[in-house]
Protein chains: 2
Amino acid sequence: MVSSVLKAIQILETLGNNENLGVTELSRNLEFPKSSVHSILETLASEGLIEKVPETSKYHLGLKLIELGNRAQLNLDICKISHPYLKNLNKLTDETVHLTVLDNDEVLYVDCIESEQWLRTYSVIGLRAPLYCTSVGKAVLANLDYSHALNIIREKGLQRITENTITDEKIMIKELETIRNKGYAIDNMEHEDQLVCVGAAIRNAKGEAFASISVSGPAARHNISNIDELGESVKEATREISWKLGYRSGSIN
Amino acid sequence: MVSSVLKAIQILETLGNNENLGVTELSRNLEFPKSSVHSILETLASEGLIEKVPETSKYHLGLKLIELGNRAQLNLDICKISHPYLKNLNKLTDETVHLTVLDNDEVLYVDCIESEQWLRTYSVIGLRAPLYCTSVGKAVLANLDYSHALNIIREKGLQRITENTITDEKIMIKELETIRNKGYAIDNMEHEDQLVCVGAAIRNAKGEAFASISVSGPAARHNISNIDELGESVKEATREISWKLGYRSGSIN
DNA sequence: AAACGAGGTTCTTATATAGGAACGTTGTTC
DNA sequence: GAACAACGTTCCTATATAAGAACCTCGTTT
């Protein structure tokens, strides 16, 4: 383990969360000595991972990171394979479509195609969300080992975010069963008021649910009657992607 | 300057260009000792910037980089401000629209909205291209200091890429003058066969042309008659963006 | 306008690390 | 199946660096 590299990464993360910080602010935030921060910033800036605003001597993330991030996205198998299916779902539904992967017991949004409608879900690539209150998250959660899922639920807790958030463990366990039976998860304004999503999990060759896709739109457009139809489309897409990834379902599923 | 951080960055870049490299391959490529590569990889992997494929002990770029890259993109003022204009141009033209910034005497594609048509320009965020043979590049080049532009042209050279690439310095200098007069640059299959683009430069508050926007599509759809119309739309968008960035043109331009 | 304060930068040395070399481990060849 | 080859991993120490402290610079206060 290389401490300076570790520090550099933490600096990048901090700059990602708070744009335009100076040496002292970073040093205080991270509790690194100013001089260390300074020399690391100098190095990062020399390669373009961050940029120094000369007038203020403050730093923000740089162009090279955009380049690397997109390279990472292109190299990520799941993105490559899923993108056409996202496009297709977007065409079919005219709603915003997301691809997420499980990372650190959260979902990380790694691809997105926005709806063309005026009232639409916003693009959120690179953001994270909890598992228990999103369709993408619940779809994955429902397909993890029971003990693992329970662990996550208990460790992270079921914080109330909206009126509809499921905050009771027993109800959540039933919900996960429903999701397994249906093959897709519905988020009925559990994460954001007026936002309804349907998500289904993607499995890798080992059968692990490690990613998921969702379609999301305003509650006004998604009532009980059409949400299941959407759910079936999403489920079908994930089934095909999982197949391409080498998953061969043993059961009738 | 911190050598280990510098090495880490070079490793990330190398992994961006060649996915799935092992310790030895990286060590050979970069001429770093294996042990150094090993400990840096370990550190990068611990934070998720890269991922190790356990079966092969090879590494590729990780999820955290997608996150950081998108954070960088969101924080980049020019992206924030330009995105609505890109959307608008895309709607207006139904062609693929790109935003690039000048970086290291090249253009770096930092945002893109793809056409919905079957035959379309592909999305290329994170890629780079030379200045002399792209509309986005020429638009910027035309608005740099004459000596600076000439320097770039001479240092990088005018390599022939397609039949239409401008490879003669004198012709290029005239072309740049035309671009300044018109306010937009046309790439008539100079970078890729059958691909036609129109681009215009964006200026910051200091008046520096540091970014540009283009609309691009197949030559079949863009003849002499409609290309100038597109050019005017692109020019108008860049004019408004430059204004928002604080640029107050002194001349009639 | 002098003194202060808050930030960025430079200096120096005890300390952690880079990197050469030796060691494991895996899979390939004969 | 033994010997080899190729790669990943671990070890050790000369060396580069982290980090504390001093220093500089600029803006603000009295």
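Chain letters run A, B, ... following the sequence lines, proteins first and then strands; every chain starts at 1.
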Exercise for the section: Measure from the side-chain N and O atoms of B:E51 to the backbone N and O of B:L63, and report whether any donor-acceptor pair falls under 3.5 Å. Expected result: yes
Practice task
Consider only side-chain N and O atoms of B:N143 and B:R180, and report whether a donor and an acceptor are under 3.5 Å apart.
Solution key: no
When you compare the protein's N or O atoms with those of nucleotides 25-27 of chain D, which come within less than 3.5 Å of each other, and at what distance?
none

Handout entry: Taking every non-hydrogen atom, the tightest pair across A:A209 and A:A201
Key = CB-CB, 4.0 Å
Practice task
Check the distance between C:dA6's P and A:L26's CG and give it to me in whole angstrom.
Solution key: 18 Å
Exercise for the section: Give the rounded distance in Å between these two atoms: CG of B:N20 and C1' of D:dC7. Expected result: 16 Å
Practice task
Please report, rounded to the nearest Å, how far the P atom of C:dA18 is from the CD atom of B:Q10.
Solution key: 14 Å
Practice task
Report the C-alpha distance between A:E236 and A:R239 in whole Å, list the side-chain angles of each, state the deciding distance to 0.1 Å, and finish with yes or no for salt bridge (Lys or Arg N to Asp or Glu O under 4.0 Å).
Solution key: CA-CA 5 Å; A:E236 176 58 19; A:R239 216 186 48 75; 3.2 Å; yes
Exercise for the section: With side chain to side chain donor-acceptor pair (under 3.5 Å) as the test, would you mind laying out the steps for A:N204 and A:E208 before giving the verdict? Expected result: CA-CA 6 Å; A:N204 61 20; A:E208 297 159 343; 2.9 Å; yes
Practice task
Determine the contact category for A:K52: base if any of its heavy atoms lies under 4.0 Å from a base atom, sugar-phosphate if only primed atoms, P, OP1 or OP2 are that close, otherwise nothing.
Solution key: sugar-phosphate
Exercise for the section: Find the distance B:E25:CD to D:dC7:C1' and express it as a whole number of Å. Expected result: 10 Å
Practice task
I would like to know whether A:R71 and B:E19 meet salt bridge (Lys or Arg N to Asp or Glu O under 4.0 Å); could you show each step before the answer?
Solution key: CA-CA 9 Å; A:R71 214 56 77 87; B:E19 46 182 328; over 6 Å; no
Exercise for the section: May I ask you to say whether B:D103 pairs ionically with B:R128, meaning some side-chain N is under 4.0 Å from a carboxylate O? Expected result: yes
Exercise for the section: May I ask you to verify if any side-chain N or O of A:T24 is less than 4.0 angstrom from the OP1 or OP2 atom of C:dG8? Expected result: yes
Practice task
Cation-pi check, A:K7 to A:F32: give yes when NZ or CZ is under 6.0 Å from the six-membered ring centre and within 45° of the ring axis, no otherwise.
Solution key: yes
Extract from the structure each pairing of a protein N or O with an N or O of nucleotides 24-27 of chain C at less than 3.5 Å, listing the distance.
none

Handout entry: Rounded distance (Å) that lies between atom P of C:dG7 and atom CG of A:N29
Key = 12 Å
Practice task
For A:L30 and D:dA19, give me the distance from atom CG to atom C1', rounded to whole Å.
Solution key: 15 Å
Completion exercise
In B:N29, B:L61, B:L44, the residue satisfying side chain to side chain contact (heavy atoms under 4.5 Å, CB included) with B:L15 is B:L61
Practice task
Figure out the CZ/P separation between B:F32 and C:dA21, and round it to whole Å.
Solution key: 19 Å
Exercise for the section: Please check if any side-chain donor atom of A:H98 sits under 3.5 Å from a side-chain acceptor atom of A:D111, or the reverse. Expected result: no
Exercise for the section: At under 4.0 Å between heavy atoms, which parts of nucleotides 10-18 of chain D does protein reach? Answer with one letter per nucleotide, 5' to 3': B base, S sugar-phosphate only, - none. Expected result: B------SS
Problem - A:T162-A:T165 side chain donor-acceptor pair, cut-off 3.5 Å - result: yes
